[in-house]
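One structure below.
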Amino acid sequence: MAIDAGLGAIGFLVARILFGGLLAFQGLNHFQNADAMSGYAQSKGVPAARASVLLSGGILIFGGLGIVLGVFPAIAAGAVAVFLLVTTPMMHDFWAVPDGQQQAEMTNFIKNVELLGASLVFLVLSSESWAYALGVGLGL
């Protein structure tokens, strides 16, 4: 199943741009707002909070751009999936926060689970030919 022609190729490109582009933007936000995000991470008990925020920002930028450009898509999508698997229950533990914070944390938890599902789709499709992609590292 190649995604390399017609409307499917255009739709898949749009999906890559939306998903990967927004991941990369979120990663950039980790660098631009490192102090605030580090404080939040520290409040959640993340070790080496600032370094963790910067590392996770790098993962999101790498993963997002890898998906958009079709560069090592298996590694890019896999990195995003692992990031979401690790950070979602740690950072958005809606079951362990005061009542006033539960709804916001649950919303972010659910959003991250949805993103995890999308990253797994890109991971499964990473061995296929992607139209409008650089095609570096496909099929790893």
Side-chain angles (χ1 to χ4, degrees):
M1 172 183 89
I3 306 169
D4 57 6
L7 288 177
I10 300 286
F12 191 62
L13 174 62
V14 170
R16 287 175 24 221
I17 292 169
L18 291 173
F19 181 73
L22 288 173
L23 285 174
F25 177 77
Q26 287 177 321
L28 183 61
N29 189 44
H30 280 61
F31 290 94
Q32 292 176 327
N33 297 305
D35 290 338
M37 294 183 92
S38 297
Y40 180 67
Q42 189 172 27
S43 77
K44 292 290 189 168
V46 174
R50 184 172 183 79
S52 295
V53 165
L54 297 176
L55 176 64
S56 63
I59 290 169
L60 289 170
I61 291 170
F62 165 77
L65 291 179
I67 290 168
V68 168
L69 299 173
V71 174
F72 295 104
I75 297 170
V80 171
V82 169
F83 163 78
L84 291 165
L85 278 171
V86 171
T87 60
T88 299
M90 181 184 299
M91 299 303 293
H92 303 300
D93 55 346
F94 62 90
W95 56 89
V97 298
D99 289 344
Q101 298 172 6
Q102 283 183 341
Q103 186 61 51
E105 291 294 358
M106 184 185 291
T107 298
N108 286 321
F109 182 92
I110 291 169
K111 173 196 60 108
N112 279 11
V113 172
E114 293 166 347
L115 292 171
L116 173 60
S119 69
L120 293 174
V121 170
F122 284 105
L123 182 59
V124 168
L125 295 174
S126 67
S127 63
E128 300 296 327
S129 173
W130 293 6
Y132 312 110
L134 296 179
V136 176
L138 281 173
L140 289 180

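Note that the coordinates shown come from a computational prediction; the quantities given were computed from them, not determined experimentally.
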Flag the pair Met106 / Ile110 as yes when at least one side-chain heavy-atom distance between them is below 4.5 Å, and no otherwise.
-> yes

Lys44 and Val97: CA distance, side-chain angles, deciding distance, side-chain contact (heavy atoms from CB on, under 4.5 Å) verdict = CA-CA 10 Å; Lys44 292 290 189 168; Val97 298; 3.7 Å; yes

List the steps, then state whether side-chain contact (heavy atoms from CB on, under 4.5 Å) holds for Asn108 with Met91.
-> CA-CA 9 Å; Asn108 286 321; Met91 299 303 293; over 6 Å; no

Taking every non-hydrogen atom, the tightest pair across Val80 and Gly63 = CG2-CA, 3.8 Å

Rounded to the nearest 0.5 Å, what's the gap from CD1 on Ile75 to CD1 on Ile67? Could you check?
-> 12.0 Å

Ala41 to Val53 - nearest heavy-atom pair and separation | CB-CG2, 4.0 Å

Identify the heavy atoms of His92 and Asn112 that sit nearest to each other, and give their distance.
-> CD2-ND2, 3.5 Å

Shortest non-hydrogen contact between Ala77 and Ser119, atoms and distance = CB-O, 3.6 Å

Per the side-chain contact (heavy atoms from CB on, under 4.5 Å) rule, which among Leu115, Leu116, Ile59, Leu23 passes with Phe83?
-> Ile59

From CA spacing to verdict: side-chain contact (heavy atoms from CB on, under 4.5 Å), Trp130, Leu125 = CA-CA 9 Å; Trp130 293 6; Leu125 295 174; 4.3 Å; yes

Assign the ring pair Phe122 / Phe12 to parallel, tilted or perpendicular, where the plane angle (0 to 90°) is split at 30° and 60°.
-> tilted

Distance in Å, Arg50 CZ paired with Asp35 CG, rounded so as to fall on 0.5 Å steps | 5.0 Å

Interatomic distance, Leu85 atom CG to Leu120 atom CG [nearest 0.5 angstrom] = 7.0 Å

Any link between Leu54 and Tyr40 through a network of hydrophobic side chains (Ile, Leu, Val, Met, Phe, Trp, Tyr) touching at under 4.5 Å?
-> no

Phe72, Leu134: one ILVMFWY side-chain cluster at the under-4.5 Å cut-off?
-> yes

To the nearest 0.5 Å, tell me how far Thr88 OG1 sits from Asp93 CG.
-> 11.0 Å

Taken to the nearest 0.5 Å, the spacing of Ser52 OG from Gln42 CD works out to 10.5 Å

What heavy-atom pair brings Val46 and Met90 nearest, and what distance separates the two atoms?
-> CG2-SD, 3.5 Å

Passes side-chain contact (heavy atoms from CB on, under 4.5 Å), Ile10 versus Tyr132? Steps please.
-> CA-CA 8 Å; Ile10 300 286; Tyr132 312 110; 3.6 Å; yes

Closest heavy-atom contact between Ser38 and Ala49?
-> O-CB, 3.5 Å

Can you establish whether the number of heavy atoms outside Phe25 located under 6.0 Å from its atom CZ is more than 12?
-> no

Rounding to 0.5 Å, atoms CG (Leu60) and NE2 (His30) come to a distance of 5.5 Å

